[in-house]
Amino acid sequence: MTTTAAAHIITTDAAALGDPEVIVMTRDDEGLGADEIARYTLHDGVDPVELLADHDWRVTGDPTDVERGYWIVDVERA
């Protein structure tokens with residue numbers, strides 16, 4: 001069982017993905033679907049990694065670019 005989660009980061013550069021925010025989700029390692037753990041509004045000028053750190057999350061991997069303005073990074077509780 002993994003202790004990491006996935007932070008889905010949506011910035012103002014994203015097209016048609018909704019408001020800028022960071023959504024922390026469980027990992028879907030068993031194909032049962034992922035659950036939302038936390039959701040944070042991402043304001044202009046705020047670094048998503050710093051926002052995660054402010055909420056006790058530590059980035060544990062390199063980000064994966066999904067599309068412009070949307071990326072995913074592994075996180076764990078700090």
Check residues 7-25 and write down every donor-acceptor pair under 3.5 Å in which the side-chain atom is one partner and the other belongs to a residue at least two apart or another chain.
from: His8; atom 1: ND1; to: Tyr70; atom 2: OH; distance (Å): 2.8
from: Thr11; atom 1: OG1; to: Asp13; atom 2: N; distance (Å): 3.3
from: Thr11; atom 1: OG1; to: Gly69; atom 2: O; distance (Å): 3.4
from: Glu21; atom 1: OE1; to: Arg39; atom 2: NH1; distance (Å): 3.1
from: Glu21; atom 1: OE2; to: Arg39; atom 2: NH1; distance (Å): 3.0

With a cut-off of 3.5 Å and sequence neighbours excluded, list every side-chain donor-acceptor pair involving residues 40-47.
from: Tyr40; atom 1: OH; to: Trp57; atom 2: NE1; distance (Å): 3.1
from: Asp47; atom 1: OD1; to: Val49; atom 2: N; distance (Å): 2.7

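Ile72 and Leu51 fall into different hydrophobic clusters, where Ile, Leu, Val, Met, Phe, Trp and Tyr are joined by side-chain heavy atoms under 4.5 Å apart, directly or via other members.
Atom NE2 of His55 is separated from atom CD of Glu50 by 12.0 Å, given to the nearest 0.5 angstrom. For the atom pair Glu36 CD and Thr26 OG1, the distance stands at 10.0 Å (nearest 0.5 Å).
Of all the heavy atoms in Thr60 and Val75, the pair that sits closest is OG1-N, 3.9 Å. The shortest non-hydrogen separation linking Val73 to Gly61 is CG2-O, 3.3 Å.
With sequence neighbours excluded, no residue forms a side-chain contact (heavy atoms from CB on, under 4.5 Å) with Thr64.
Atom CZ of Arg68 sits in a sparse spot, with 12 or fewer heavy atoms from other residues, nucleotides or ligands closer than 6.0 Å.
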